[in-house]
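Residue numbers start at 1 and run along the sequence shown.
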Amino acid sequence: MILDVVYNHTAEGNHFGPMLSFKGIDNPTYYRLVPGDPRFYMDYTGTGNSVNTAQPQTLKLVMDSLRYWVEEMHVDGFRFDLASTLARNADGRFDLAGAFFAAMHQDPALAGVKLIAEPWDIGEGGYQVGNFPVLWAEWNGKYRDAVRSFWRGDHGALAEFGYRLTGSSDLYGNDGRTPYVSCNFITAHDGFTLNDLVSYHHKHNQANQEDNRDGHNDNLSFNFGVEGPTDDPDILAQRERKSAIC
């Protein structure tokens, strides 16, 4: 079993958010704060806060949790949500030699489990597809985007589609990594579902009262002439056929 884990943020939000746990225990230890203005949070995650794994005590909390899941619950591995945030150093830069990777790779309880990164976050330098260490597999966002673009019929998409369909050797052909570490996908629990992908040109996240700001804007989708649900049998047939291809 692969467990999807979220260590990059908590439910406490930004400086307007509720005080549920870490804010009231030791705010500057558990969260990344804006240098020179620590009332505010560095938000690499889009949730208002980012957990500070560059702090030893915070990293220990994460490692203790991971060891529990392996030793007591016997999971086979983990998929790390927004893993780039976890790998940022004290200066906020993604760091292959940083504390998070060092702790993960030396821990005997975690040495044999599967490690899968969502290799991006929304911060500067956060998109790290192809750049994680040799022990890690990755969600291949370039595969997702290339297949969607090719499926939609975008001009010039064939070459990129060929790279992705044949294993993304440009990303995973060096430093001891192989195409086996590429986790290829079209849709996931984040963003558009497969039905959304063939039903909408744009996201419509108004119901959560965040003014449609959340979520990715460029979804490489196609609505076949009607935005959203429709009773048109021709459009429904086209959508079903495209969904089957994906």
Side-chain angles (χ1 to χ4, degrees), residues 1-6 8-9 43-48 79-84 114 116-123 126-130 137-173 178-246:
M1 180 179 69
I2 304 297
L3 188 67
D4 192 344
V5 290
V6 182
N8 61 80
H9 73 274
D43 185 10
Y44 300 123
T45 66
T47 67
R79 177 264 182 189
F80 291 84
D81 186 73
L82 299 182
S84 293
K114 295 176 174 64
I116 303 170
E118 181 182 33
W120 54 76
D121 61 27
I122 67 169
Y127 192 77
Q128 294 292 332
V129 172
E138 297 177 9
W139 270 23
N140 191 344
K142 290 184 179 294
Y143 178 95
R144 173 200 62 201
D145 295 343
V147 172
R148 288 186 183 189
S149 182
F150 178 78
W151 158 83
R152 195 170 64 171
D154 292 352
H155 178 72
L158 182 59
E160 179 72 6
F161 175 73
Y163 263 123
R164 304 304 150 223
L165 196 64
T166 56
S168 295
S169 60
D170 56 327
L171 298 175
Y172 308 112
T178 73
Y180 288 110
V181 305
S182 176
C183 297
N184 299 334
F185 68 105
I186 306 298
T187 61
H189 66 278
D190 289 335
F192 275 18
T193 66
L194 188 57
N195 184 65
D196 293 336
L197 197 64
V198 298
S199 302
Y200 296 95
H201 270 328
H202 311 287
K203 60 184 175 70
H204 299 270
N205 294 338
Q206 286 86 6
N208 60 11
Q209 300 181 18
E210 294 188 6
D211 299 322
N212 204 33
R213 293 190 302 268
D214 61 321
H216 195 52
N217 289 316
D218 186 14
N219 288 287
L220 298 170
S221 57
F222 186 63
N223 66 12
F224 295 93
V226 174
E227 185 76 351
T230 179
D231 294 326
D232 188 311
D234 291 334
I235 293 177
L236 290 174
Q238 291 181 75
R239 289 179 176 179
E240 185 174 352
R241 184 164 58 251
K242 285 294 187 180
S243 298
I245 293 172
C246 283

| Is NZ or CZ of Arg144 both nearer than 6.0 Å to the six-membered ring centre of Trp139 and within 45° of the ring axis? | no
| request: Would you mind reporting whether Asp170 and Arg164 have side-chain heavy atoms less than 4.5 Å apart? | output: yes
| request: Kindly indicate whether the side chain of Val198, heavy atoms from C-beta on, has any atom under 4.5 Å from the side chain of Trp151. | output: yes
| message | Before you tell me yes or no, could you show the steps for Phe222 and Lys242 under side chain to side chain contact (heavy atoms under 4.5 Å, CB included), namely the whole-Å CA-CA distance, both residues' side-chain angles and the distance that decides it to 0.1 Å? | response | CA-CA 10 Å; Phe222 186 63; Lys242 285 294 187 180; over 6 Å; no
| request: Could you tell me how the ring of His204 sits relative to the ring of Tyr200: parallel (under 30°), tilted (30 to 60°) or perpendicular (over 60°)? | output: tilted
| query | Taking it one step at a time, do Leu197 and Ile186 satisfy side chain to side chain contact (heavy atoms under 4.5 Å, CB included)? | reply | CA-CA 10 Å; Leu197 197 64; Ile186 306 298; 4.1 Å; yes
| message | If you apply the rule side chain to side chain contact (heavy atoms under 4.5 Å, CB included), what do you find for Val226 with Arg239, and how did you get there? | response | CA-CA 11 Å; Val226 174; Arg239 289 179 176 179; 4.1 Å; yes
| Is any side-chain heavy atom of Asn217 closer than 4.5 Å to a side-chain heavy atom of Lys203? | yes
| task | Output the distance between atom NE2 (His202) and atom CZ (Phe192), rounded to the nearest 0.5 Å. | result | 9.0 Å
| request: Mark yes when over 12 heavy atoms from residues, nucleotides or ligands other than Glu240 sit less than 6.0 Å from its CD; otherwise mark no. | output: no
| query | Do Asn223 and Thr230 touch side chain to side chain, with heavy atoms closer than 4.5 Å? | reply | no
| query | Within a strict 4.5 Å, meaning less than it, do heavy atoms of the Leu165 and Tyr143 side chains meet? | reply | yes
| Hey, mind stepping through Trp120 and Leu82 against side chain to side chain contact (heavy atoms under 4.5 Å, CB included) and telling me if it holds? | CA-CA 5 Å; Trp120 54 76; Leu82 299 182; 4.0 Å; yes
| said: If you compare all heavy atoms of Gly141 against all heavy atoms of Phe185, which two are closest, and at what distance to 0.1 Å? | reply: N-CE2, 4.2 Å
| Of the non-hydrogen atoms in Ser182 and Asn140, which two are nearest, and what is the gap between them? | OG-ND2, 2.9 Å
| Between the side chain of Asn208 and the main-chain N/O of Glu210, is any donor-acceptor distance below 3.5 Å? | yes
| request: Compute whether any side-chain donor of one residue and acceptor of the other, for Ser84 and Asp121, lie under 3.5 angstrom apart. | output: no
| request: Could you tell me which non-hydrogen atom of Thr187 sits nearest to which non-hydrogen atom of Thr193, and how far apart they are? | output: CG2-C, 3.9 Å
| Residue Gln209 excluded, over 12 heavy atoms near CD under 6.0 Å | no
| message | Are the side chains of Asp190 and Glu118 in contact, using a 4.5 Å heavy-atom criterion? | response | yes
| query | Rounded to the nearest 0.5 Å, how far does OH of Tyr163 lie from CG of Leu158? | reply | 12.5 Å
| remark: OG of Ser221 to NE2 of His201, rounded to nearest 0.5 Å, is 7.0 Å
| task | Indicate yes or no for a side-chain donor-acceptor contact from Ser149 to the backbone of Asp145 under 3.5 Å, with no hydrogens or angles considered. | result | no
| message | Using every non-hydrogen atom in the two residues, find where Asn212 and Asn205 come nearest and quote the distance to one decimal. | response | OD1-N, 2.7 Å
| query | If you take all heavy atoms of Asn219 and Arg148, which pair is closest and at what distance? | reply | O-NH1, 2.9 Å
| query | Can you tell me how far the NZ atom of Lys142 sits from the OH atom of Tyr127, to the nearest 0.5 Å? | reply | 4.5 Å
| message | Looking at Ala83, is its backbone amide N or carbonyl O close enough to the side chain of Gln128 to form a donor-acceptor pair, meaning the two atoms are under 3.5 Å apart? | response | no
| Would you call Asp154 and Leu220 a side-chain contact if the rule is heavy atoms closer than 4.5 Å? | yes
